[in-house]
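Worksheet for the structure shown next.
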Amino acid sequence: MPRRRRPPPLLLLLLLGLAAFAVARVASHQESGEWRCESDSAEIRLQAEFRPGVVAVDGHPGDWDAVDGSEFALLPALDPDADKEFNGGKMTVKALHDGKDVFFLLQVDGDYVYSPGNSNKCPSVALMFQIGESATYHDMGGCKEGKDTCTSKTCKGHEVDMMHFSIGNAIPGRLYGGNPIDNAEGNGGDRFGHLVDLYAWTPHCRYLDGTGPSGNDSSAQNNWRGAWWHSSLSLQSGFVQEDSPYGSDGGKGTYYFEFSRPLRTMDRLQQDVQFTIGESSKISAAFWYPVDGTPWHGSGHFTINCDWVSLDITSAGSLLTKSTSTSSWDVASMFSLLFSVIALCLSIFAIYRLSRPRSFQFSPVEVSME
């Protein structure tokens, strides 16, 4: 009976290494323990006010100076512990709309880092929105199906819409996202700057718009536009690719990521969130950063909250009502102050008259004695 040859030790080590790598990949979106979220999500709201003609999407934040934002601590998405907060700075999120498009500005304090062509060694951001009524923030939609069984039918109601911008191939100040070439192919890709339009049911069931486990649909497109900037960059007239890396590593300052998208899209596949003026949507924002120069990995991101945040798309009427009520209050306050001043003056005058010593003029009375 022939003897079976044992694999050489080097081959065994290689197989064990590959097995460990595969397990690590599968576990890359698993929490280290039981999921916990301590958040007052009901009290956290973003306001997208009606402000037409205010913003041009170029990555520069000056257009947003008069727009109020909300500041968030950035905590690890899989382990939202305050002790593990991103040490670069907090994220401020601003939003507005012009009745046709909705606009977002994300700004994060952080040292300038840029590695041309290597997105994992550059900062990256994403926005996620609830589409299906059962879609949870945690687990990116929360469908219980596995990668081989998740479909639009088995995960119906768990859809989330996402936009992801990796800047490794994107020139600061230039516009990326939906473009005629990729949209002509009917998907949410962006071959130029990797500002992509996606949807998901779980972290393992995540696809470009128009693609998926049941085949592709040529009706989809990338509806997002966006640009980025860092405050340490000095050239304002416009960078080109030959200027890469555009700035000095370690430059102190703030990253700015600016985006726009139509309030309503032509999506027929339940892959885009549809915004309605006067109503609220659910949103989250994420940030990746090569901390200490270490390339980030897919699940190693920070987020603004461990649950959905409400986004209110306000109407022009509500803004007018607010302005009118403020103006009415100002007028009433002015008249109230005026009457108070008049009343005070009258009171002082009355006190003065009462306290003033009275002088009587003596007039002799002549008495005739007859």
Side-chain angles (χ1 to χ4, degrees), residues 24-47 69-95 104-111 113 119-120 122-144 158-166 198-206 254-255 257 259 273 280-292 294-312:
R25 288 196 63 187
V26 171
S28 63
H29 283 276
Q30 301 298 322
E31 292 83 18
S32 57
E34 183 180 355
W35 171 254
R36 291 186 306 156
C37 175
E38 299 176 1
S39 170
D40 297 327
S41 297
E43 300 178 6
I44 306 174
R45 308 192 76 87
L46 290 173
Q47 295 282 338
S70 297
E71 187 179 74
F72 301 90
L74 288 168
L75 303 180
L78 300 185
D79 187 11
D81 189 334
D83 294 336
K84 300 176 182 178
E85 178 181 347
F86 174 62
N87 59 13
K90 300 183 185 301
M91 175 183 281
T92 298
V93 183
K94 297 184 178 184
F104 297 94
L105 177 71
L106 312 181
Q107 58 185 64
V108 185
D109 292 336
D111 295 348
V113 289
S119 292
N120 296 70
C122 303
S124 178
V125 293
L127 294 173
M128 183 170 74
F129 304 89
Q130 182 188 49
I131 302 177
E133 293 182 1
S134 302
T136 59
Y137 159 82
H138 179 235
D139 213 17
M140 203 176 289
C143 180
K144 302 304 180 183
H158 291 274
E159 304 89 351
V160 295
D161 183 14
M162 292 185 296
M163 180 280 307
H164 188 202
F165 189 21
S166 296
L198 311 104
Y199 72 99
W201 302 298
T202 74
H204 302 288
C205 299
R206 183 175 68 248
T254 303
Y255 278 97
F257 304 91
F259 306 103
V273 62
S280 295
S281 298
K282 300 295 186 183
I283 184 176
S284 183
F287 181 65
W288 288 258
Y289 189 85
V291 178
D292 298 326
T294 304
W296 53 260
H297 56 90
S299 60
H301 54 294
F302 303 88
T303 59
I304 60 173
N305 194 36
C306 58
D307 203 350
W308 292 118
V309 172
S310 293
L311 171 66
D312 300 328

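The structure displayed is predicted, hence computed values, not measured ones. Excluded from the calculations below are hydrogen atoms, water molecules and symmetry mates; all remaining heavy atoms, backbone and side chain alike, are included.
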Donor-acceptor contacts under 3.5 Å from residues 280-288 side chains, at least two apart:
unit_1 : atom_1 : unit_2 : atom_2 : d
Ser280 : OG     : Arg45  : NH2    : 3.2
Ser280 : OG     : Asp312 : OD1    : 2.3
Lys282 : NZ     : Ser310 : OG     : 3.2
Trp288 : NE1    : His297 : O      : 3.4
Trp288 : NE1    : Gly298 : O      : 3.1

(Q) Taking salt bridge (Lys or Arg N to Asp or Glu O under 4.0 Å) as the definition, give me every residue that meets it alongside Glu71, ordered by chain and number, with sequence neighbours left out. (A) none

**Q.** Any side-chain heavy-atom pair of Leu106 and Leu127 under 4.5 Å
**A.** yes

Q: Locate the shortest heavy-atom distance separating Val113 from Tyr255; write the atom from each residue and the value.
A: N-OH, 2.8 Å

**Q.** Side chains of Val160 and Trp308 in contact at under 4.5 Å (non-hydrogen atoms)
**A.** yes

Q: In a single word, yes or no, tell whether Cys143 and Cys205 have an SG-SG distance below 2.5 angstrom.
A: no

Q) If you measure from OG1 on Thr92 to CD1 on Ile304, what distance do you get to the nearest 0.5 Å? A) 10.5 Å

Q | Minimum heavy-atom distance Leu75-Ala82, with the two atoms named | A | CD2-CA, 3.9 Å

Q: Return the minimal non-hydrogen interatomic distance between Gly141 and His158, and the atom names on each side.
A: O-ND1, 2.8 Å

Q) Do the side chain of Asp81 and the main chain of Asp83 share a donor and acceptor less than 3.5 angstrom apart? A) yes

Q: Report the distance from atom CG of Asp111 to atom OG1 of Thr254, rounding to the nearest 0.5 Å.
A: 10.0 Å

Q: Could you check if a side-chain atom of His164 sits within less than 4.5 angstrom of a side-chain atom of Ser124, using non-hydrogen atoms only?
A: yes

Q. Is the shortest heavy-atom distance from the side chain of Tyr137 to the side chain of Asn305 under 4.5 Å?
A. no

Q. Would you call the rings of Phe165 and Phe257 parallel, tilted or perpendicular if under 30° counts as parallel and over 60° as perpendicular?
A. perpendicular

Q. Can you tell me how far the CE atom of Met128 sits from the CG atom of Leu198, to the nearest 0.5 Å?
A. 12.0 Å

**Q.** From Trp201 atom CH2 to Glu159 atom CD, the distance as rounded to the nearest 0.5 Å
**A.** 7.5 Å

Q) Where do Pro123 and Tyr289 come nearest, in terms of heavy atoms and distance? A) CG-CD1, 3.9 Å

Q. How close do Val108 and Leu74 get, heavy atom to heavy atom, and via which atoms?
A. CG1-CD1, 3.9 Å

Q: Indicate the atoms forming the closest heavy-atom contact of Leu311 with Ala95, along with that distance.
A: CD1-CB, 4.1 Å

Q.
Restricting to salt bridge (Lys or Arg N to Asp or Glu O under 4.0 Å), what partner residues turn up for Lys90, sequence neighbours left out?
A. Glu85

Q.
Measuring from atom CD of Gln130 to atom CG of Asp161, what distance do you get when rounded to the nearest 0.5 angstrom?
A. 11.5 Å

Q.
How long is the straight-line distance from CE of Met162 back to CE of Met140, given to the nearest 0.5 Å?
A. 5.0 Å

